[in-house]
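To start, the structure itself, in structure tokens.
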2 protein chains.
Amino acid sequence: MDVTIYQVAERAGVSIATVSRALRGTGPVSAKTREKVLKAVQELRFTPSRLGVSLAEGRHAANGIVFPNLSGPYYTEVLLGYEEVASELGRSVVILSTKGRPNVREAIKELAGRVDGLVVFGSTAPDDLVAELVATGMPLVFISREPMSGADTLRSENVESARRLACHLQGHGYARFAFLGAPHQPGDDISQRWEGVSAVLKDAVEPVLTAEYTVDSGYEAALKLLRGRTRPQALICSDDEVALGALLAAEELGLAVPDDLAVTGWDDIMAARHARPALTTIRQPMRELGARAARALDELIGGVRATSAHQTLATELVIRKSCGEHPQEDPK
Amino acid sequence: MDVTIYQVAERAGVSIATVSRALRGTGPVSAKTREKVLKAVQELRFTPSRLGVSLAEGRHAANGIVFPNLSGPYYTEVLLGYEEVASELGRSVVILSTKGRPNVREAIKELAGRVDGLVVFGSTAPDDLVAELVATGMPLVFISREPMSGADTLRSENVESARRLACHLQGHGYARFAFLGAPHQPGDDISQRWEGVSAVLKDAVEPVLTAEYTVDSGYEAALKLLRGRTRPQALICSDDEVALGALLAAEELGLAVPDDLAVTGWDDIMAARHARPALTTIRQPMRELGARAARALDELIGGVRATSAHQTLATELVIRKSCGEHPQEDPK
DNA sequence: CGCCGGAGTGTAAGCGCTTACACCACCGGA
DNA sequence: TCCGGTGGTGTAAGCGCTTACACTCCGGCG
């Protein structure tokens, strides 16, 4: 910007303190003076410098968020919910995508330096960096990470949801299952999903790795798997994108879904509804996740705790065509 | 943050000027002194305050971007390309979504106050606000807005692409068309697409309004249209989401796509590929759009113009199943 | 032997605000 | 009439940096 509070003060014939008070409504200012100030502000098109304000106030009035990428709808939706609430609370949001970035540590620290608090997706920051951040005392919310002290955590429910899904598939009468997902770390969403699925299906389910959580890697993995001798009857995919890839693979191999093969996803992204057959999947409240993160951060920053430090949000099983035609209702 | 340059200076037994010089590499510092400073920095875990640096340097090292929402993949992809390049250039990105926000003007001004430059999607800011922003002299890049002076503009090609699509459909032998799109303003993407389509198809195409650019409104509009007496043979949709809605409507009415009805989209979002029939559509280089915006802004801020102030990016016609089985090749 | 110039460092003036504190009227009550 | 308040305002001290400028050594040169 250009025009400063000094110019306004001079034009209005008052001191800068008075201008500040008139503008922010702190402290008493006579009606006449206020008017003069406002007039000068108008004429000069004065906007207080954010930098000056922040430096003096000692706060950025901004929040950060760190996510791996935005290609799928998952992070996007969370981000959207986050931005909406953050800006309701008067905070701008600064984003950082770590995908394909060489210097994640630096970038995250840099980001931390320009915000009052940070939301971090579990998968994006290595443990030691997390510890370092926590040590600084900065308000922090982690999404999909194991509860820890020194920071809030937030995630949607996985284990029980996975159980429900597995039971539902069992109800269809399938006996051989595969679980398609990239290598996962202890405590992340995927490993929780696996935990739920394998608890129900026991030996009947086999874990299969994919390279990533993308359509292409889902396609590759499914292709390989389905060409094998003992083809599973149902593919439980760790997310919708992998499932879409599996659908593509099945199509290519001439397998009918769901008659020859059932496929399920996770997240209920947009394409899940439009795929044919439409994907049976588990809907995560992604927007809500973002919104809660923003609120939790705000409380952390403000120092008033109204909500719990560690939240788990409920999910919903969305039954469409890809798991079979006549589902018997979920037994449990 | 907590520890300041003064503490570092004291611990290292030097002045703050020397600390600053040692850290930034401006001005001469003896090896011994540098070492002392770095040691103190380590021990104290000092990180320069972004606010202090910015205030002194007179720059934010941050860019803003204003978009309507993130629900579709279009803005998301642009954002992603933007963030990637911006951060390569050493700039953070601050986002602002205008969807459903009451005080857009204030929000945009506030955003403008915390960045060095702004990317704005054409549809989000009213003309007078645009003028106001331009008047401030702030570096500005508008996406999908008519070229103007005082700011860069960037968009992907529409008119010729629309022509190509229309010709392709004509090649299928269709004679009655409808163009599905929300009310558009002069100069925006949709009106350019309509321009291209109607230039080729003339009276054979009828414009049909949708409430928004969403699956639901596409569905509604298509349902109404397809129930009418003279059903069009091909639906040219203004974007993929509308087209997906149209697909749903056709399915509900028992119309086979593409045998009974051809449908096309625009953007080539993820779901376009996975819909069945897969959508014929026009692929925009969304990521590239964002990347270019970031670079243009950087040049604007730096004052070095390497690229043109007004760019138009080429698109690609992606032919899939939804427009018909045996396309004769595009005549033009 | 006196000077010049450059390396190395410190001092202090900003950058644009907020706000504690001091100050000055002026009013009403004793 | 005097005094304690209080509304209204200015002064100045930060907030955490960067950097122009001044200063001090020293080595090298004439």
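Chain letters run A, B, ... following the sequence lines, proteins first, then strands; residues in each count from 1. Quick note: numbers below take in every heavy atom, side chains included, and nothing from hydrogens, waters or symmetry partners.
What separates CD of A:Glu57 from C1' of D:dG16 is a distance of 16 Å, to the nearest Å. B:Leu51 places its CG atom 11 Å from the C1' atom of C:dG16, with the value rounded to the nearest Å. Between the P atom of C:dG16 and the CZ atom of B:Arg114 lies a distance of 17 Å, rounded to the nearest Å. Atom-to-atom, CZ of B:Arg59 to P of C:dG16 comes out at 16 Å; the value is rounded to the nearest Å.
Comparing B:Ile16 and A:Ala56 by the nucleotide of DNA chain D that holds the closest heavy atom to each, the one mapping nearer the 5' end is A:Ala56. Where B:Gly52 and B:Val14 meet DNA chain C, the nucleotide closest to each residue was compared, and B:Val14 sits on the side nearer the 5' end.
Summarising the geometry, atom NE2 belonging to B:His60 is positioned 7.0 Å from atom OG belonging to B:Ser54; distances are rounded to the nearest 0.5 Å. With values rounded to the nearest 0.5 angstrom, B:Leu70 atom CG is found 12.0 Å from A:Glu84 atom CD.
The shortest side-chain heavy-atom distance between B:Thr4 and B:Val8 does not fall under the 4.5 Å cut-off. At least one side-chain heavy atom of A:Arg114 sits less than 4.5 Å from a side-chain heavy atom of A:Glu110.
Taking 4.0 angstrom as the limit, B:Ser49 places none of its side-chain polar atoms (N or O) nearer than this to OP1 or OP2 of D:dG16. The phosphate of D:dG10 has OP1 or OP2 within less than 4.0 Å of a side-chain N or O from A:Thr18.
In terms of modelled atom types and a separation under 3.5 Å, the side chain of A:Tyr74 and the main chain of A:Gln284 share no donor-acceptor contact. Checked by atom type and distance alone, the side chain of A:Ser20 never pairs as donor or acceptor with a backbone atom of A:Ile16 at under 3.5 Å.
Heavy-atom distances under 4.0 Å link DNA chain C to A:Thr4, A:Ile5, A:Tyr6 of residues 4-12 of chain A, given in residue order. Within a heavy-atom distance below 4.0 Å of DNA chain C, the residues of residues 20-36 of chain A found are A:Ser20, A:Arg21, A:Arg24.
Among the protein residues, A:Leu55 comes within range of the nucleic acid bases, having at least one heavy atom under 4.0 Å from a base atom.
For B:Glu35, the salt bridge (Lys or Arg N to Asp or Glu O under 4.0 Å) test picks out no residue, with sequence neighbours left out. Residues passing the salt bridge (Lys or Arg N to Asp or Glu O under 4.0 Å) test with A:Arg305, sequence neighbours excluded: A:Asp152, A:Glu299.
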Show the atom names and distances, to 0.1 Å, of all donor-acceptor pairs under 3.5 Å that link a side chain in residues 119-134 of chain B to residues at least two apart or in another chain.
unit_1, atom_1, unit_2, atom_2, d
B:Thr124, OG1, B:Phe121, O, 2.6
B:Asp127, OD1, B:Arg145, NH2, 2.2
B:Asp128, OD2, B:Arg105, NH1, 3.3
B:Asp128, OD2, B:Arg105, NH2, 3.3
B:Glu132, OE2, B:Lys109, NZ, 2.8

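Taking the side chain of A:Val53 as heavy atoms from C-beta on, and the options D:dG10, C:dC17, C:dG10, the nearest nucleotide is C:dC17.
With axes fitted over five pairs at each extremity, the angle between the ends of the helix from C:dC1-D:dG30 to C:dA30-D:dT1 is 60° (10° resolution).
Other residues, nucleotides and ligands contribute only 12 or fewer heavy atoms inside 6.0 Å of the CD atom of A:Glu10.
Residue B:Ala9 comes nearest to B:Ser15 through the heavy atom pair CB-C, 3.8 Å, listed as atom of the first residue, atom of the second, then distance.
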